[in-house]
**Q** 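I'd like to ask you about the structure that follows.
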Amino acid sequence: MVPYDKHTLEYNGPYGCRYLCSDCRHFASESKTCAMLANPSIKISGKNNICRLFEPRIKNPSAPPFNFDDYLEFLGSDYYRPWGIDRTQVIGKVWGPIESGFDAEGVWRTKYGWKMRYKSYDKPYCCINFPRCHVYYDKYTFEIDYRLYRELEFYRDGAIRYAEKRWRETEKARKVQREFNGIEKIG
Ligand code: SF4
């Protein structure tokens, strides 16, 4: 467990940036495949958050050894640090869009003005709410829950476990089809 400042929840560990699959030596940037996934017909996004098997493409000899669990703490408590707003405490004002909508001529307009600036505060680390990771197979895009992706468990027994599956019936189709929370057998 990495030490934190009790009041700000500030992360004090060795990780200062987010790592992506494209930073990993198991990722093939041309074919968009991962050597650690048993099926090369599944493509992954280089922008995904990394899994537990991450190995940096470039190793800096003076850098501390990579520790996935400490790194996850950094992601959840620093990079994706949740925060909230206390609307009872105004600390200033800020200029920005205050209203938008179509006018009588049907033109989209945005009105600018001063807005209240409220006090914000950090919330405790949350290991659940990370963005999903994206993988691709055939004409489908799958969004994968990071809890499965980070253990590389979303692909098991020849099937992808997804949070969301999206596809178009034809290349030119305008409508995107969607299915949620399912299992897709891969041929
Ligand atoms: S899924 Fe894991 S092993 Fe594969 S490229 Fe991403 S971090 Fe590396």
Side-chain angles (χ1 to χ4, degrees), residues 1-4 9-83 122-169 171 176-187:
M1 178 70 107
V2 175
Y4 292 96
L9 300 177
E10 203 138 309
Y11 171 82
N12 291 323
Y15 302 105
C17 68
R18 173 180 163 230
Y19 295 104
L20 309 174
C21 280
S22 56
D23 300 321
C24 175
R25 78 179 184 89
H26 301 305
F27 179 70
S29 42
E30 277 191 14
S31 58
K32 307 260 184 276
T33 52
C34 165
M36 304 310 272
L37 255 183
N39 191 331
S41 55
I42 298 173
K43 313 283 178 205
I44 65 173
S45 166
K47 291 186 183 139
N48 285 347
N49 277 322
I50 57 171
C51 79
R52 193 173 284 282
L53 302 178
F54 172 75
E55 269 196 49
R57 210 177 267 279
I58 300 161
K59 283 190 186 161
N60 181 348
S62 61
F66 185 78
N67 178 317
F68 187 74
D69 293 304
D70 279 355
Y71 169 74
L72 263 193
E73 294 261 0
F74 153 74
L75 262 197
S77 60
D78 205 86
Y79 192 86
Y80 293 122
R81 187 188 304 175
W83 55 281
D122 293 335
K123 288 183 178 171
Y125 168 55
C126 172
C127 65
I128 293 171
N129 294 320
F130 283 133
R132 292 169 181 169
C133 291
H134 292 86
V135 308
Y136 312 99
Y137 175 76
D138 193 17
K139 62 179 178 180
Y140 304 112
T141 296
F142 298 98
E143 288 195 10
I144 310 291
D145 187 315
Y146 189 47
R147 281 166 293 182
L148 283 179
Y149 192 83
R150 67 197 182 200
E151 309 299 328
L152 272 201
E153 282 192 350
F154 72 92
Y155 179 64
R156 256 198 342 261
D157 308 324
I160 292 177
R161 278 127 184 96
Y162 59 84
E164 186 176 342
K165 169 184 167 188
R166 288 195 300 269
W167 74 99
R168 289 179 201 273
E169 291 299 356
E171 254 180 43
V176 178
Q177 311 281 354
R178 286 191 152 85
E179 276 173 20
F180 298 92
N181 300 322
I183 295 179
E184 180 83 7
K185 267 274 181 223
I186 299 293

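First listed ligand is number 1; within each ligand, the first listed atom is number 1.
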**Q** Using only atom types and a distance under 3.5 Å, with no angle test, would you say the side chain of Asp138 pairs donor to acceptor with the backbone of Tyr140?
**A**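 No.
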**Q** Give a yes or no on whether the backbone of Phe74 and the side-chain of Tyr80 come within a donor-acceptor separation of less than 3.5 Å.
**A**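 Answer holds: no.
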**Q** Is the positively charged end of Lys43 above the ring of Tyr136, judged by distance under 6.0 angstrom from the centroid and angle within 45° of the axis?
**A**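 No - Lys43 does not lie over the ring of Tyr136 by the 6.0 Å and 45° rule.
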**Q** Measure centre to centre between the rings of Phe54 and Tyr71, then say whether the value is under 6.0 Å.
**A**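 Ring-ring flag for Phe54/Tyr71: false, centres at least 6.0 Å apart.
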**Q** Is it true that Tyr149 lies under 4.0 Å from ligand 1, counting heavy atoms only?
**A**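 Under 4.0 Å: yes for Tyr149.
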**Q** I need the protein N, O or S atoms closer than 2.8 Å to atom 6 (Fe) of ligand 1, given as residue plus atom name.
**A**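 Those protein N, O or S atoms (cut-off: under 2.8 Å from atom 6 (Fe) of ligand 1) are Cys21 SG.
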**Q** For Tyr162 and Phe142, take the angle between the two ring planes, folded into 0 to 90°, and tell me which bin it lands in: parallel under 30, tilted 30 to 60, perpendicular over 60.
**A**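 Tyr162 vs Phe142 ring planes: tilted.
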**Q** Applying side chain to side chain contact (heavy atoms under 4.5 Å, CB included) between Lys139 and each of Glu169, Arg168, Glu171, report the one that passes.
**A**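 Of Glu169, Arg168, Glu171, side chain to side chain contact (heavy atoms under 4.5 Å, CB included) with Lys139 is met by Glu169 alone.
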